Amino acid sequence: MKRFAALFNAIDQSTKTTVKVSALADYFAEAPDMDRMWTIALFSGRRPKRAVTTTKLREWAAEEARIPPWLFEESYPIVGDLAETIALVLPPNETSSDESLSHWINALRALASVEEEDRKAAVLQAWAQLGGTERFVFNKLITGGFRMGVSQKLMTRALSRATGKSEAELAHRLMGNWHPDDTTWDALIEAEDASADASRPYPFYLAYALEDGPDALGAPQDWRAEWKWDGIRGQLILRDGQHFVWSRGEELMTDRFPELARAVDFLPPGTVLDGELLVWHPQTESPASFNALQRRIGRKTVPKKLLAEAPVVLHAYDLLEWEGADMRETPFAERRAVLERACADLPAEAPVRLSPQLDFDSWEDLAEVRSVARDENAEGLMLKRADSPYLVGRKKGDWWKWKLDPLTIDAVMIYAQAGHGRRANLFTDFTFAVWNGNDLVPFTKAYSGLTDAEFREITKWVRKNTLQRFGPVRQVTPHHVFEIAFEGIQASPRHKSGVALRFPRMSRWRRDKPLQEANTLDDLNDMLRIYG
Amino acid sequence: MSSSPSLTFTDHGIYCAAGDFYIDPWRPVERALITHGHADHARSGHQRYLATNAALPVMRHRLGEINAQGMPYGEVVSIGDAQVSFHPAGHVPGSAQIRVEVAGEIWVASGDYKTEDDGLSEPFEPQSCHHFITESTFGLPVFRWQPQAQIAREINDWWVACAAAGKTAFLGAYALGKAQRLLTMLHADIGPILTHGAVEATNKVLRAQGIDLPDTVHATAEIDPKAYPGALVLAPPSALGSAWARKFGAQENAFASGWMQLRGVRRRRAGDRGFVISDHADWQGLLDTIRETGAENIYVTHGYTDIFTRYLVENGWKAQVVPTEFEGETLDTEGKE
């Protein structure tokens with residue numbers, strides 16, 4: 001664990017990418033195989049199953065620290081991280097340990113199958129042997145959420161430096177369903193043939209937002225346009241008579257969308273499609289709103305009734321593999337042509353549809369098209385350069401999302417809560433309200449959109465203008481008006497206001513706007529009627 | 001014992017009616033007793049000041065012409081019906097707890113204090129009393145300081161690594177107290193120690209009153225940074241990353257503060273490194289001190305007052321929160337302590 005803790009410190013102490021990458025590269029070059037496998041796993045979101053509940057952890061930590069549970073709970077929001085709070089309140093470690101990262105991970109995994117008493121003894125023993133960063137890392141292994149300023153992209157770059165293999169190849173090798181238990185460093189990283197696993201997806205190519213319109217992109221004829229759907233990005237893999245559905249977050253979603261199983265009846269093996277999962281009723285012109293899809297998200301098994309009410313199809317917009325061959329180097333226009341042929345004869349009952357391309361001769365034309373995107377239940381447009389390959393990750397230049405301007409409403413801040421991690425000790429999580437007569441009705445929370453300086457300013461203000469505390473939440477004097485931007489609105493009986501927003505954020509601090517001029521519940525209901 | 005308390009908490013600050021004086025008042029008063037020279041304790045505009053002899057030079061430097069009188073530690077003076085004495089608080093050089101005795105009732109206003117002997121400030125001496133006014137800047141169990149020697153090792157190791165990488169090491173710390181404490185912890189044989197004007201000005205005052213500090217070079221706008229390879233620069237946090245600092249080329253920035261204990265703050269504010277070192281007592285230091293005073297009545301000010309007070313009450317003290325106009329050294333001002 002010492003080596004991993006040193007790596008953690010090196011990465012955590014620096015804001016510079018170069019420093020982080022070389023610390024990681026050195027680690028990958030030196031660490032034992034099992035440790036580097038687990039390190040890759042952790043940094044790509046494959047943490048060990050949680051063996052202890054956080055409730056128990058808090059209880060045991062307070063007990064060991066000889067402090068009352070309420071004092072632990074008061075300290076937690078100030079520190080902003082559970083694993084760190086535990087590490088800090090515990091008494092200093094009595095002894096130390098030279099065991100490796102994988103040793104501790106395996107020790108943790110073993111806890112799942114023992115009695116709680118033994119579980120507790122094991123955790124206490126670990127706490128007594130681990131100090132400082134090692135103790136923090138150990139707690140993080142239990143609580144999860146291993147965010148330490150290293151994206152998968154940075155890790156891949158470091159691996160590339162340590163192994164001499166290209167980043168794109170490594171990114172592909174690290175995709176999919178592997179686990180440190182089932183594979184080895186050699187098989188995953190070094191072996192010549194990396195295609196052994198039929199389920200292995202390709203890394204997604206991600207678009208940047210087009211902030212200023214398309215004029216700077218050059219000639220319109222070099223570009224292709226599609227609707228930007230408001231669904232779930234997905235990759236459908238058809239190989240060896242099997243099918244697999246992957247999310248952009250590298251989650252295997254095959255079982256959640258059983259209707260896609262029929263794709264093997266309509267498309268040949270050796271096909272991989274990139275597209276959008278949408279709820280789409282066979283007889284309708286456009287997809288259902290995201291709200292309908294939301295009922296399917298998070299359901300691991302789908303009841304028949306829901307399957308009928310909210311049927312999902314894949315809207316295919318790219319072809320990554322065809323007849324078993326990797327197509328990603330082929331220019332987009334050619335990939336598209338093959339995709340169109342492949343989808344040409346699909347019957348209505350096929351769970352795959354071709355996402356249409358939109359005609360335009362000039363950027364003005366396209367702006368017209370974009371203006372009606374909301375009618376199609378789309379979020380805007382996607383622009384793709386006709387001759388571009390399918391790249392790995394978010395790269396500027398070939399793919400752009402040109403989204404619609406968000407909906408906005410002016411609202412009053414009424415509650416504030418401190419953030420976590422980097423934003424601990426700053427008030428960053430706010431609840432907003434609109435007027436209903438003389439009452440303020442809360443309708444949304446928002447966490448993002450302000451600059452660090454603005455968060456600091458509002459934090460000071462909140463401290464001085466707290467009316468009441470409810471645990472970590474502070475009720476503040478209604479005073480500040482913020483413009484809240486959001487992507488969609490739906491009716492929601494669970495909310496007092498009767499509405500729920502999609503992607504709400506603070507788009508502007510309306511210092512110019514008096515409290516009384518914030519929007520009303522009627523305004524929100526009008527929006528619900530038009531856009532809901 | 002008098003029927004009304006000897007010290008009361010007013011909108012001007014802590015007031016002693018028996019002696020008609022205030023302790024660390026935040027609005028102008030006739031007579032102010034000052035615990036130490038930090039800006040939230042020593043305000044300008046009072047008619048008369050009383051502080052320790054060791055605190056006066058810095059106060060004069062900061063507040064300009066003031067009508068001030070100095071006292072040695074431990075000497076008792078009568079002010080009206082109050083017996084007043086100053087006792088080391090260990091916070092910064094010259095800092096004091098103020099002990100007030102009226103008709104046998106003893107109050108101690110501790111100002112800011114730390115319990116570890118830093119080798120520079122007059123070491124903290126707990127005072128027996130009936131009523132103890134304590135700060136709680138770091139009054140949470142997550143704050144536990146490591147011994148100064150260990151932090152000194154960490155800072156010097158960092159400096160060595162910076163020098164080896166051809167970088168100037170910028171260490172951000174409050175100009176009065178923390179900066180000088182750090183100076184005494186640095187190994188001068190690693191390289192030259194440069195100072196920002198604000199730090200150097202305080203150094204000059206402290207040296208003039210006989211406090212021994214290592215040699216420093218004032219990093220004025222005119223000096224040639226290339227003439228000081230492997231240097232460490234001590235500067236107030238606000239100067240890090242400024243045009244003045246950028247002149248030094250390749251550099252690493254570190255902060256030295258108790259707040260660096262929290263990873264979130266460290267990542268948000270610390271640049272490259274955060275060293276956990278504070279001139280305030282940590283959780284255990286606060287609790288130990290409160291026990292050692294033997295006081296039954298505890299008044300909690302500055303910091304996590306609500307939480308700390310609740311803990312004290314649960315553990316049998318008569319404790320209450322004392323409102324203050326200044327939040328003191330909260331996370332808003334985390335560089336300054």
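Lettering of chains follows the sequences in order, A, B, ..., and the numbering in each one begins at 1. Side chains are part of it too, since the values below use all heavy atoms of this structure and drop only hydrogens, waters and symmetry mates. Remember, it's a predicted structure, so these values are computed and weren't measured experimentally.
- Around atom CZ of A/R511, more than 12 heavy atoms belonging to other residues, nucleotides or ligands sit under 6.0 Å away.
- Once rounded to the nearest 0.5 Å, the distance linking CZ of A/F136 with CZ of B/R263 reads 4.0 Å.
- Summarising the local packing, NZ of B/K247 is surrounded by more than 12 heavy atoms from other residues, nucleotides or ligands at distances under 6.0 Å.
- Partner of B/W283 under the side chain to side chain contact (heavy atoms under 4.5 Å, CB included) criterion, chosen from A/L71, A/L88, A/V89: A/L71.
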Test side chain to side chain contact (heavy atoms under 4.5 Å, CB included) applied to A/E74 and B/Y304, step by step: CA-CA 10 Å; A/E74 287 281 359; B/Y304 297 104; over 6 Å; no
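- Looking at heavy atoms from C-beta onward, B/P141 lies out of side-chain contact with A/F72 at the 4.5 angstrom threshold.
- For B/Q320, the CD atom sits in a packed shell: over 12 heavy atoms of surrounding residues, nucleotides or ligands are nearer than 6.0 Å.
- Here the side chains of B/R144 and A/P92 are in contact, with some heavy-atom distance below 4.5 Å.
- Residues A/R469 and B/D306 are in side-chain contact: their nearest non-hydrogen atoms beyond the backbone lie under 4.5 Å apart.
- Taking CG of B/L140 as the start and CD1 of A/I78 as the end, the distance is 4.5 Å to the nearest 0.5 Å.
- Note that CD of B/E252 and NZ of A/K16 are 5.5 Å apart. Values are rounded to the nearest 0.5 Å.
- The heavy-atom pair separating A/E84 from B/G264 by the smallest distance is OE1-N, 4.4 Å.
- Taking chain B as the reference chain and counting heavy-atom pairs below 4.5 Å, the highest number among A/L90, A/N9, A/I67, A/D12 is found for A/D12.
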